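Shown next, in structure tokens, is the structure this report addresses.
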There are 2 protein chains.
Amino acid sequence: MDNDLMTIREMCEAFDVTPRTLRFYEAKELISPIRDGQKRLYTRRDRGRLKLILRGKRFGFALEEMRQLLNLYDRGGANEEQLKRTIVAARERLAQMERQRDELNEAIDELRSQLENGAEMLAAFRPAAE
Amino acid sequence: MDNDLMTIREMCEAFDVTPRTLRFYEAKELISPIRDGQKRLYTRRDRGRLKLILRGKRFGFALEEMRQLLNLYDRGGANEEQLKRTIVAARERLAQMERQRDELNEAIDELRSQLENGAEMLAAFRPAAE
DNA sequence: AGAAAGCTTGACGTTAACGTAAGTCACGAC
DNA sequence: GTCGTGACTTACGTTAACGTCAAGCTTTCT
């Protein structure tokens, strides 16, 4: 089982990303595959990190934020203090996401009500109306 | 009542935007204030358009989209055909927004459930866990 | 062995919506 | 007249997350 080492191609297919993305993440120090000559080989650790990175993206975390979180873990995830920071960061993000969703909902309601007014929709786009 | 003409400063305060923003919108042909010498003077029409632009932004419309919508209206909002296009555009945007919100909600639920697991949150950020 | 494939690094390009800096102009105040 | 103030134009800078060449090195197929 060379199941443990994957080429860049395999990684791309497995995670549905482009090679450029993986190299980019590496340049940003988010992952650090080993080298066989000049080729990159990704370990299970890399896959784990990538998985988290992609998940983080779905949460809206920026890559830099994810890097910090991953580093926090590396330097002792067992560390109570570090863990707390991670949790705090996550909580803040959660709050952000909820605010964002609320605003989005308001905008949706507003736009929908405009639409429901049928042709009165025009009023919404009537410049100097009245 | 010079209520009808406003300077760039007054506009900025009234709408909470910077001068740069107004000039930028002008460059993008979203508004077109008249000139008193070299100074810009904004009419009620400009204010109406700006209001719509800012509202559109809250809806997530890009400036270019707003420009098109505003133009549609200008060239005969009374035109049945144009109106339909506007409505279609709005409907599509609405659908987009709803999809976006749904995804956001999923991410929120996911992140929240991680957090609710208290310290198990760590698991979410545990690279090669298990 | 020669060519096609695949990987690599490097570096510039892209998009949106302005920010920011530099140098001019014009006008009321003194 | 000239100083301060505000407005103006022009143009480059910014941010994020890659995309898109370009050009060279290997490995692989035939």
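All values derive from a computational prediction rather than experimental measurement. In the text below, chain A, chain B and the rest are named by the order of the sequence lines, each starting its count at 1.
Following rounding to the nearest Å, A:Leu22 (CG) and D:dG19 (P) show an atom-to-atom distance of 10 Å. Rounding to whole angstrom units, CZ of residue B:Arg67 and C1' of C:dA17 are separated by 15 Å. Protein atom CD1 of B:Ile53 is 10 Å distant from nucleotide atom P of C:dC18, rounded to whole Å. Summarising the geometry, the separation between CE on B:Met66 and P on C:dA16 is reported as 16 Å, rounded to the nearest angstrom. Look at CD on A:Glu26: it is 16 Å from C1' on D:dA17, rounded to the nearest Å. Atom CZ of A:Phe24 is separated from atom P of D:dT20 by 15 Å (rounded to the nearest Å). Rounded to an integer number of Å, the gap from CD of B:Glu64 to P of C:dA17 is 9 Å. When the P atom of C:dC25 is taken as reference, atom CG of B:Asp36 falls 19 Å away, rounded to whole Å.
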Exercise for the section: Please step through side chain to side chain contact (heavy atoms under 4.5 Å, CB included) for the pair B:Arg40 and B:Arg23, ending with a clear verdict. Expected result: CA-CA 9 Å; B:Arg40 291 170 172 79; B:Arg23 296 193 193 106; 3.7 Å; yes
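Atom CG of A:Asp109 is surrounded by more than 12 heavy atoms from other residues, nucleotides or ligands within 6.0 Å.
Dashed line: the shortest gap from a side-chain N or O of A:Tyr25 to OP1 or OP2 of D:dC18 is under 4.0 Å. Regarding contacts with the backbone of D:dG19, a side-chain N or O of A:Thr18 is found under 4.0 angstrom from either OP1 or OP2.
In this structure, the separation between OH on A:Tyr25 and CD1 on A:Ile53 is 6.5 Å, given to the nearest 0.5 Å.
A pairwise comparison of heavy atoms in B:Pro33 and B:Asp46 identifies CA-OD2, 3.4 Å as the closest pair.
B:Glu64 has no carboxylate O lying under 4.0 Å from a charged side-chain N of B:Lys28, or vice versa, which leaves the two without a salt bridge.
Using modelled atom types and a 3.5 Å distance limit, the side chains of A:Gln96 and A:Arg99 yield no donor-acceptor pair.
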Handout entry: Nucleotide-resolved protein contact map, nucleotides 6-13 of chain D, B/S/- at heavy-atom distance under 4.0 Å
Key = -SSB-B--
